[in-house]
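The next block holds one structure in the form of structure tokens; read it before the comments.
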Amino acid sequence: MDFRNENGVLVARRNGETLRIEAWGKDSLRVRATMFSKFTGSDWALTEEPEALAPEIVIETDGGEPRASITNGRIKATVNFAGVITFYRDEKQILQEYYRSYGGTISKESRCLKVINREWKGVIGGSDYSLNLKFESNDGEKIFGMGQYQQSYMDLKGCVLELAQRNSQISVPFAVSNLGYGMLWNNPAVGNVTFGRNYTEWVARATKEMDYWITVADAPKQILANYTDATGHSPMFPEDRMGLWQCKLRYRTQDEVLSVARQYQKEGIKIDLIVIDFFHWTVQGDWKFDKTYWPDPKAMVDELHSMGIKVIVSVWPSVDRKSENFYPMMERGLLIKTERGAAQTYDYQGDCVEIDPFNPETREYVWEVCKRNYYDFSIDAFWLDNSEPDYGVYDFENYRYMDAPALECSNMYPQMYSRIFYDKMKDLGDGNVVNLLRCAWAGSQKYGNVVWSGDVPSTFEAFYDQLQCGLNMGLAGIAWWTTDIGGFMTDDVNDPDFRQLLIRWYQFAVYSAVFRMHGDRGPYDIPALDDRDWGGGYLHTGQPNELWSYGEDNYKIMKKYYDIRISMHDYIKSLYKEASENGSPLIRAMFYEFPEDKTCWELQDQYMFGSKYLAAPIFHLNQFERDVYLPAGTWRLTSDGSVYEGGQNVHVAAPIDYMPVFERI
């Protein structure tokens with residue numbers, strides 16, 4: 001191994017690989033490697049300029065096998081003669097690359113397996129490599145973060161995660177360990193990670209270089225602070241959007257939108273935003289209102305604004321061949337390309353190809369159309385749906401963007417899509433931009449993205465999974481996270497079991513970042529507005545989804561919790577401020593606030609809403625009581641004011657009109 005100190009960067013070369021380790025922020029290191037003659041220069045999620053640091057680099061070449069180390073504050077990395085890296089926090093080992101091959105005194109394990117720490121294999125027919133990076137597994141370690149996966153496991157140790165974006169699956173590859181470190185897989189390639197008992201394995205199916213970042217701290221809160229310092233902070237969330245967002249699938253006319261808004265005003269319930277969902281347009285990719293049903297969007301927006309209601313409109317990245325924009329965009333190379341077969345990437349309600357936001361000309365084209373047809377009507381925000389993108393078939397090897405094959409960079413698609421709107425709206429001086437997306441990647445928090453959990457079923461099982469999703473998204477730096485209240489897919493809104501689920505989900509949403517009504521509510525017995533096979537009138541609509549839509553008893557509960565949400569405005573504002581300053585999520589794993597409490601590292605059915613409120617949702621049908629663990633301190637139950645000392649489990653009532661919440665006093 002040839003070691004060198006190149007201007008404060010530890011560089012090592014062996015067998016055609018160049019390894020580069022450098023200080024990158026407080027108590028943090030960035031590690032890169034490539035088989036090419038030079039690095040790409042891409043920073044990917046590490047967009048923030050790190051402070052100038054002077055790490056200590058020691059290179060030893062005499063007296064045996066060469067080795068080197070680099071120390072930046074509390075973190076240290078050593079590299080042995082075979083290029084195996086070991087990381088230390090305060091001189092205590094926390095992570096080591098996995099190596100089982102011949103030569104040297106690398107490991108006491110069997111070395112005849114010829115398994116190495118970083119395995120590069122050329123992609124047949126291309127210039128990229130596949131990369132397999134392995135680490136030793138730490139017994140007893142717990143791993144969190146990594147984004148959103150629809151599963152019941154919050155602790156990811158033992159899990160296999162696909163590093164790919166899908167509807168309701170969000171890869172944000174930042175892991176937080178209970179051993180006091182966080183690791184960002186700073187690579188948008190499609191692949192997978194396995195947090196196995198025998199070893200951890202990161203795989204990129206096509207890439208030009210390895211890139212990861214690792215930081216150490218005493219507790220998750222400081223780990224998140226270091227991470228957001230490196231990848232970007234959320235802007236400050238606007239106060240006028242911290243209340244109720246009203247949405248359904250789907251408001252079909254401007255008269256329907258206005259009638260709903262007027263009824264809310266009559267009921268004395270202030271809504272902050274109303275959402276105009278998909279197929280208000282002519283065809284996908286026209287990005288404009290169907291004038292048959294939306295004859296005067298500007299007048300509609302003006303009336304909504306007069307009520308203090310912001311307006312958000314759905315935009316999809318799919319462009320139908322019937323769209324007026326399809327052939328101009330195809331001719332100019334602004335759409336995703338397929339490697340083989342037909343030029344089609346999406347087939348819902350049309351023959352579509354999706355836009356390529358990696359192309360700056362695409363971003364300019366789409367914004368100009370949306371500005372002309374939406375923003376110039378004073379539309380306030382955009383709902384960037386299908387932002388994974390939602391491929392007809394997730395065959396990532398069949399798609400190519402301007403920058404690279406999809407296999408190499410597809411996980412960054414939702415972030416690039418969001419920047420079509422964020423960058424331009426910021427340039428126009430639009431204050432703190434807030435847009436709604438169904439997907440994200442590392443660093444998306446800095447682009448004004450409210451991320452929701454996708455098209456999930458309306459079941460108690462899915463509800464439970466959403467809490468795991470939200471807590472791990474927060475630990476991956478995405479503080480602005482939300483769900484469809486009641487789930488997205490409902491067969492029958494009149495089913496009393498569904499209505500019970502809706503109330504339990506609604507109670508949870510009050511104690512979360514964004515309070516948003518949405519869902520596809522069956523049965524589908526509402527006739528279409530016309531018999532065309534295109535335009536704003538042909539597609540089905542779901543049943544009503546306003547607060548008063550589910551019967552008087554449920555309406556009373558929802559109004560009660562609406563009032564609770566409004567009463568917490570100043571507190572919620574403080575949580576958004578904290579998210580902007582240090583990356584803290586609004587909904588927090590119990591160990592985030594109580595890292596010294598071992599029990600809190602085991603809990604996944606309760607959470608902290610900020611530092612003040614402990615929320616214990618109800619995840620089962622006909623459940624009207626539950627146990628809650630109270631960490632150290634004094635706690636007041638919000639239902640009756642009872643006071644409890646922490647360090648114990650308590651059993652509390654949970655009637656349908658109450659979700660157990662404890663206030664920390």
Side-chain angles (χ1 to χ4, degrees), residues 150 152 167-168 244-253 256-257 259-260 263-264 267 269 271 274-280 314 348-349 383 385 390 438 452-467 469 482-510 512 515-529 536-562 617-624 654-659:
Q150 297 297 329
S152 61
N167 182 348
S168 79
L244 178 63
W245 296 29
Q246 177 58 45
C247 185
K248 64 163 281 186
L249 188 152
R250 60 189 180 91
Y251 297 129
R252 296 183 291 176
T253 71
E256 187 177 356
V257 167
S259 67
V260 167
Q263 185 63 35
Y264 268 109
E267 297 288 327
I269 297 175
I271 56 175
I274 196 162
V275 185
I276 298 169
D277 201 352
F278 67 0
F279 286 87
H280 62 269
S314 174
Y348 178 73
Q349 302 292 331
W383 179 2
D385 205 345
D390 189 358
R438 201 171 69 186
W452 99 98
S453 64
D455 297 347
V456 301
S458 296
T459 65
F460 276 98
E461 292 82 3
F463 177 28
Y464 181 82
D465 292 349
Q466 298 325 293
L467 179 56
C469 291
T482 186
T483 65
D484 294 345
I485 293 175
F488 179 70
M489 294 174 279
T490 311
D491 293 329
D492 185 2
V493 295
N494 300 307
D495 183 346
D497 291 354
F498 165 72
R499 293 191 172 193
Q500 188 179 135
L501 170 68
L502 178 75
I503 292 299
R504 294 308 196 186
W505 208 311
Y506 182 94
Q507 292 165 343
F508 159 74
V510 165
S512 64
F515 181 38
R516 173 175 160 270
M517 290 289 289
H518 184 58
D520 184 7
R521 306 290 181 236
Y524 305 115
D525 54 7
I526 301 173
L529 294 176
Y538 93 95
L539 195 64
H540 77 275
T541 183
Q543 298 293 325
N545 191 47
E546 294 71 49
L547 301 191
W548 55 81
S549 305
Y550 298 98
E552 187 61 31
D553 290 344
N554 290 323
Y555 186 27
K556 288 179 182 177
I557 298 171
M558 296 169 100
K559 284 198 292 186
K560 166 188 168 182
Y561 271 85
Y562 169 87
I618 302 301
F619 293 113
H620 301 282
L621 183 67
N622 296 327
Q623 180 183 359
F624 303 112
I656 189 61
D657 66 345
Y658 181 67
M659 178 183 79

Open item on the list: Determine whether Leu501 and Phe463 satisfy the following criterion, side-chain contact (heavy atoms from CB on, under 4.5 Å), listing intermediate values before the conclusion.
Closed with: CA-CA 8 Å; Leu501 170 68; Phe463 177 28; 4.1 Å; yes
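- Considering every non-hydrogen atom in both His518 and Arg521, the closest pair reads O-NH2, 2.9 Å.
- For Tyr561, the ring pair (Phe, Tyr, Trp, His ring centres under 6.0 Å) criterion is met by no residue, not counting sequence neighbours.
- For Lys556, the side-chain contact (heavy atoms from CB on, under 4.5 Å) partners two or more places apart in sequence, or in a different chain, are Glu552.
- Put simply, OH on Tyr506 and CE on Met517 are 7.0 Å apart, with the number rounded to the nearest 0.5 Å.
- For Pro523, the side-chain contact (heavy atoms from CB on, under 4.5 Å) partners two or more places apart in sequence, or in a different chain, are Asp492, Asp525, Gln543.
- When the side-chain contact (heavy atoms from CB on, under 4.5 Å) test is applied to Thr483, the partners found at least two apart in sequence or on another chain are Ser453, Gln466, Trp481, Trp505, Phe508.
- Ring planes of Phe515 and Tyr562: tilted class, angle from 30 to 60°.
- Annotation: side chain of Asp520 is not in contact with side chain of Thr490 (no heavy-atom distance under 4.5 Å).
- In this structure, the side chains of Tyr464 and Ser152 come closer than 4.5 Å at one or more pairs of heavy atoms.
- In this structure, Tyr550 and Pro544 have side chains that are not in contact, with every pair of non-hydrogen atoms separated by 4.5 Å or more.
- Take Trp452 and apply the ring pair (Phe, Tyr, Trp, His ring centres under 6.0 Å) test, not counting sequence neighbours, and it matches Trp383.
- Screening Asn545, Leu539, Asp277 for a side-chain contact (heavy atoms from CB on, under 4.5 Å) involving Leu249 leaves a single residue, Asp277.
- Under the salt bridge (charged side-chain N to carboxylate O under 4.0 Å, His left out) criterion, Arg438 pairs with Asp385, Glu388, Asp390, Asp455, sequence neighbours left out.
- Remark: Lys559 qualifies as a cation-pi partner of Tyr555 under the 6.0 Å distance and 45° angle criteria applied to the six-membered ring.
- Not a single side-chain hydrogen bond (donor to acceptor under 3.5 Å, both in side chains) links Asp465 to another residue, sequence neighbours left out.
- For the residue pair Val275 and Cys247, the shortest heavy atom distance occurs at CB-SG, 3.5 Å.
- The side-chain hydrogen bond (donor to acceptor under 3.5 Å, both in side chains) test applied to Arg504 returns Gln507, not counting sequence neighbours.
- Applying the ring pair (Phe, Tyr, Trp, His ring centres under 6.0 Å) criterion to Tyr524, with sequence neighbours excluded, gives His540.
- Surrounding CG of Asp497 are more than 12 heavy atoms belonging to other residues, nucleotides or ligands, all under 6.0 Å away.
- Contact of the Arg252 side chain with the Tyr538 side chain is not registered, since no non-hydrogen atoms from C-beta on lie closer than 4.5 Å.
- Side-chain contact between Thr253 and Leu529: present, with at least one pair of heavy atoms (C-beta onward) separated by less than 4.5 Å.
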Open item on the list: side-chain contact (heavy atoms from CB on, under 4.5 Å), that's the test. Do Trp548 and Gln263 meet it? Break it down for me.
Closed with: CA-CA 10 Å; Trp548 55 81; Gln263 185 63 35; 3.4 Å; yes
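- Pairing each heavy atom of Asn622 with each of Gln500, the nearest pair is N-OE1, 2.5 Å.
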Open item on the list: As a quick check of understanding, evaluate side-chain hydrogen bond (donor to acceptor under 3.5 Å, both in side chains) for Asn554 and Arg499, giving each step before the final call.
Closed with: CA-CA 8 Å; Asn554 290 323; Arg499 293 191 172 193; over 6 Å; no
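- With rounding to the nearest 0.5 Å, the separation of CZ in Phe488 from CD1 in Ile485 is 14.5 Å.
- Put simply, OG on Ser549 and CD on Glu546 are 4.0 Å apart, with the number rounded to the nearest 0.5 Å.
- Residues passing the side-chain hydrogen bond (donor to acceptor under 3.5 Å, both in side chains) test with His280, sequence neighbours excluded: Tyr374.
- Atoms OG and CG, from Ser512 and Leu467 in turn, are 10.5 Å apart once rounded to the nearest 0.5 Å.
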TODO: Under the side-chain hydrogen bond (donor to acceptor under 3.5 Å, both in side chains) rule, what do Gln246 and Tyr264 come out as? Steps first, then yes or no, please.
DONE: CA-CA 10 Å; Gln246 177 58 45; Tyr264 268 109; 2.5 Å; yes
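- When ring centroids are compared, Phe460 and Phe619 stay outside the 6.0 Å threshold.
- With rounding to the nearest 0.5 Å, the separation of CZ in Phe279 from OG1 in Thr541 is 13.0 Å.
- Here the shortest heavy-atom pairing between Gly486 and Ser458 reads O-OG, 2.7 Å.
- Under a 3.5 Å cut-off, the side chain of Lys248 and the backbone N or O of Gly519 do not form any donor-acceptor pair.
- For Asp484, the salt bridge (charged side-chain N to carboxylate O under 4.0 Å, His left out) criterion is met by Arg516, not counting sequence neighbours.
- For Val257, the side-chain contact (heavy atoms from CB on, under 4.5 Å) partners two or more places apart in sequence, or in a different chain, are Tyr251, Ile274, Ile276, Trp294, Met300, Leu304.
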